[in-house]
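Below is one structure, written out as structure tokens; the observations come after it.
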Amino acid sequence: MINKLRIIPFYTGFRTLEEALKDKRAEGLLWLEILFNDDIDWRELDLSVIKESYKKACLWYENFRTLIDSYIKRKPLKGKKGKVDLKEYRRFLEVLNFVST
């Protein structure tokens, strides 16, 4: 898993999930890592912070599936109905742009 992270190393410099989980800023990016990185089977990781981030990623995927799928190829996430916090929309678009280039 050491080289599978994509977003967190770019924003924080942490290369491993273990390092990232020790930092609040990196932990806050975990939902974006899950949303845009399907190289890791996140469902197998049994940590509460990962489970919560996975739910958030599923929520964003459900709300922006068409946009995400038009820019990147990923395995679909389980749909989760609900509203997203639009205060995070700018970061979402920034990361979408980053992974699609």
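These numbers come from a predicted model, not from an experiment. Residue indices begin at 1 and follow the sequence shown.
Glu88 is listed as a side-chain neighbour of Trp60, based on a closest heavy-atom distance under 4.5 Å. Side-chain contact between Pro9 and Phe14 is absent, with no heavy-atom pair separated by less than 4.5 Å. Taking the side chain as every heavy atom from C-beta outward, Val95 and Glu33 never approach each other to under 4.5 Å.
Contact between Ile8 and Ala20 at its shortest, heavy atoms only, is CG2-CB, 3.8 Å. Considering every non-hydrogen atom in both Glu62 and Gly79, the closest pair reads OE1-CA, 3.1 Å. Considering all non-hydrogen atoms of both residues, Leu35 and Ala57 come closest at CD1-O, 3.4 Å. Contact detail for Trp42 and Ile50: the closest heavy-atom pair is O-CG2, 3.9 Å. Closest approach of Lys4 to Asn37, counting heavy atoms only: O-ND2, 2.6 Å. For Gly82 against Asn63, the heavy-atom pair with the smallest separation is O-ND2, 3.1 Å.
Tyr11 and Glu94 form a side-chain donor-acceptor contact under 3.5 Å, judged by distance and modelled atom types alone.
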### Task
Evaluate the criterion side-chain contact (heavy atoms from CB on, under 4.5 Å) for residue pair Asp46 and Lys51; output intermediate values, then yes/no.
CA-CA 7 Å; Asp46 193 28; Lys51 288 180 180 182; 2.7 Å; yes
### Task
Apply side-chain contact (heavy atoms from CB on, under 4.5 Å) to Arg15 and Leu5, showing your working.
CA-CA 7 Å; Arg15 297 263 174 236; Leu5 295 178; over 6 Å; no
### Query
Can you list the steps and then say if Ile40 with Ile34 is a side-chain contact (heavy atoms from CB on, under 4.5 Å)?
CA-CA 8 Å; Ile40 299 170; Ile34 294 167; over 6 Å; no
### Message
Lys56 vs Asp85, test: salt bridge (Lys or Arg N to Asp or Glu O under 4.0 Å). Steps then yes/no.
### Response
CA-CA 10 Å; Lys56 186 174 180 177; Asp85 184 354; over 6 Å; no
### Task
Report the C-alpha distance between Leu30 and Leu17 in whole Å, list the side-chain angles of each, state the deciding distance to 0.1 Å, and finish with yes or no for side-chain contact (heavy atoms from CB on, under 4.5 Å).
CA-CA 9 Å; Leu30 189 55; Leu17 185 57; 3.9 Å; yes
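Within a 6.0 Å sphere centred on OH of Tyr71, other residues, nucleotides and ligands contribute 12 heavy atoms or fewer. Atom CZ of Arg65 has more than 12 heavy atoms from other residues, nucleotides or ligands within 6.0 Å.
Leu96 CG to Leu32 CG: the interatomic distance, rounded to the nearest 0.5 Å, is 10.0 Å. Here the CG atom belonging to Leu21 is positioned 8.5 Å from the OG atom belonging to Ser53, to the nearest 0.5 angstrom. Remark: Arg43 CZ to Leu77 CG distance equals 8.5 Å, nearest 0.5 Å. Distance CG/Leu93 to OG/Ser100: 10.0 Å, rounded to 0.5 Å. For the atom pair NZ (Lys78) and OH (Tyr54), the distance works out to 6.5 Å, reported to the nearest 0.5 Å.
With ring centers used as reference points, Phe92 lies under 6.0 Å from Phe36.
Between Asp69 and Arg74, none of the side-chain N atoms (NZ, or NE/NH1/NH2) sits under 4.0 Å from a carboxylate O, so this pair counts as no salt bridge.
Although no hydrogens or angles enter the test, the distance criterion places a donor-acceptor pair under 3.5 Å between the side chain of Glu19 and the main chain of Thr16.
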